[in-house]
2 protein chains.
Amino acid sequence: MANTSPAIEDYLKTIHAHTEWQPEPITPSVLATRLAVAPSSVTEMVKKLAAQGLVTHQPYGAIRLTDAGLSRALGVVRRHRLVETWLVSDMGYGWDAVHDEAEVLEHAISDRLLEAIDAHLGRPARDPHGDPIPQADGSIVSVPTVLLSEAPAGHAGTVVRISDRDPQLLRRLAACGIRPGVLVTLSGDTLDGPDGTAVELDADGREAIWLTT
Amino acid sequence: MANTSPAIEDYLKTIHAHTEWQPEPITPSVLATRLAVAPSSVTEMVKKLAAQGLVTHQPYGAIRLTDAGLSRALGVVRRHRLVETWLVSDMGYGWDAVHDEAEVLEHAISDRLLEAIDAHLGRPARDPHGDPIPQADGSIVSVPTVLLSEAPAGHAGTVVRISDRDPQLLRRLAACGIRPGVLVTLSGDTLDGPDGTAVELDADGREAIWLTT
DNA sequence: GCTCGGATTTAGGGATACCGAAATACCCGC
DNA sequence: GCGGGTATTTCGGTATCCCTAAATCCGAGC
Ligand SMILES: [Mn+2]
Ligand SMILES: [Mn+2]
Ligand SMILES: [Mn+2]
Ligand SMILES: [Mn+2]
């Protein structure tokens, strides 16, 4: 009854990530794609998670976290984001380089070390990509945002969050000073940053940046 | 052909540890005890390590690291000891509390993070227990030492190393200021430290402290 | 030399977390 | 209402690492 493992933690985190910025529950095939495993592996693991009361799922139905599953998922997200923040703040990592390291360390650090890192960093509320860091009690400080691809033309706002999925994009954005906290304006396909800088974004890029409303 | 895993790393590290301070090669039963696994598990894993050229072993014979195995073992030791040093220097851990955390993290940190930690700490030569930290090239700075249980009565010297296996002992020693670098004198079963402090040591305690000759 | 007890290996399984191929359910368009 | 194609599950299997119980080996002591 180990009850947890890196695999279980990654499943819970990925199920949660899907509903963090959009509301529809995740399907097995999307989950399989995100985790880079075969659909049959998802069926099997989801069955196990359901047996442990971490998700609800009936055959051919959607997958939803239970309260217990959500709380476990938030714990993993917290570890992931605090590790990313630590790597950038203390260890000289660029924000495009932290994800893979955090993906592993999130399963390896103890509660005690997590607490020490959190204290050391001054209990940050957001990670380097602007993702909110769940607090130890599970609460999250959230800010209303618009996804760039859904923002009206000419919309101006502060960058709140940038998806950390594409390191290439993160490097391009860093090069022209676009990061969380910076004021920008959307003009068609290009995003105007400070000091007259601008980046042209493709469809994927416009699905990776969130501004204040 | 993953070629490495936490289990493999722990086997190599444990095989190496046995010869680090004493010369006889380790036997399967001792290895099983140290790793807290059944002897049959050792037989099986050692067979695999031999197939990968990391140890030499014929049935009923001793287990010895090959050059390749030694170099891999030193890599794990380096990660373990740098993590311990980091936990004590930066994260406020006591030296009695770092071992279990390092036991896990040693398998999780990337080469890049290892290098960042090493640089951050100023490339330390010894961990908090006085164990030498293998350098990135595999070299080790070693100091001639005597184990307390083998030291002549009245021997005086500087504490070089204290085994990190018994946290209880580490706490007792810390309480009276005995740690690597401190000058002490052995009188029978008691070790006299600075400022008139003294600790009485049982047989195990006298097998856990090394002094300069 | 032989024997016996401890050390080691062999044999047979279990848990976890994957996979590909084959069966099945579901639902959209007609 | 009926296919038919896609999503999902089922099924049989692999790899890793561990276990207990049952051989088997080995060497110390007689
Ligand atoms: Mn992960
Ligand atoms: Mn992030
Ligand atoms: Mn370990
Ligand atoms: Mn140590």
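Order of the sequence lines sets the chain letters (A, B, ...), proteins ahead of strands, with each chain counted from 1. Scope of the values below: all heavy atoms of this structure, side chains included, with no hydrogens, waters or symmetry mates.
Between M45(B) atom CE and dA15(D) atom P there is a gap of 15 Å when expressed in whole angstrom units. In this structure, D10(B) atom CG and dT16(D) atom C1' are separated by 15 Å, rounded to whole Å. One interatomic measurement links the two molecules: CG of N3(A) to P of dT16(C), which rounds to 10 Å at whole-angstrom precision. Rounded to whole Å, the distance from CG on L12(B) to C1' on dC17(D) is 15 Å. In this structure, L31(A) atom CG and dT9(D) atom C1' are separated by 15 Å, rounded to whole Å. H107(B) has its NE2 atom 12 Å from the P atom of dC17(D), to the nearest Å.
Judged by distance alone, the side chain of E24(B) and the main-chain N or O of T19(B) form no donor-acceptor pair under 3.5 Å. Between the side chain of R78(B) and the backbone N or O of P134(B) there is at least one donor-acceptor pair closer than 3.5 Å.
Of the listed nucleotides (dT16(D), dC18(C), dC18(D)), dT16(D) has the atom at the smallest distance from the side chain of K48(B).
By the salt bridge (Lys or Arg N to Asp or Glu O under 4.0 Å) test, R161(A) pairs with D131(A), sequence neighbours left out. Under the ring-ring contact (aromatic ring centres under 6.0 Å, His included) criterion, H99(A) pairs with H80(A), not counting sequence neighbours.
Contact annotation: S5(B) does not reach the phosphate of dT16(D) (side-chain N/O to OP1 or OP2, under 4.0 Å).
A38(B) comes within 4.0 angstrom of a base, heavy atoms only. If you check every strand for non-hydrogen atoms under 4.0 Å, A36(A) touches sugar and phosphate atoms only.
Ion pairing between E20(B) and K13(B) fails under the 4.0 Å rule for side-chain N and carboxylate O.
A donor-acceptor contact under 3.5 Å links the side chain of E44(A) to the base of dC18(C).
Taking CD1 of I109(A) as the start and CE of M91(B) as the end, the distance is 9.0 Å to the nearest 0.5 Å.
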Could you pull out the protein-nucleic contacts involving nucleotides 5-9 of chain C (nitrogen or oxygen on both sides, under 3.5 Å)?
from, atom 1, to, atom 2, distance (Å)
dT8(C), OP2, S29(B), N, 2.7
dT8(C), OP2, S29(B), OG, 2.7
dT9(C), OP1, H57(B), NE2, 2.8
dT9(C), OP1, Y60(B), N, 3.2
dT9(C), OP2, T43(B), OG1, 2.9

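Classified by interplanar angle (parallel below 30°, tilted 30° to 60°, perpendicular above 60°), the ring pair W86(B)/W86(A) is tilted.
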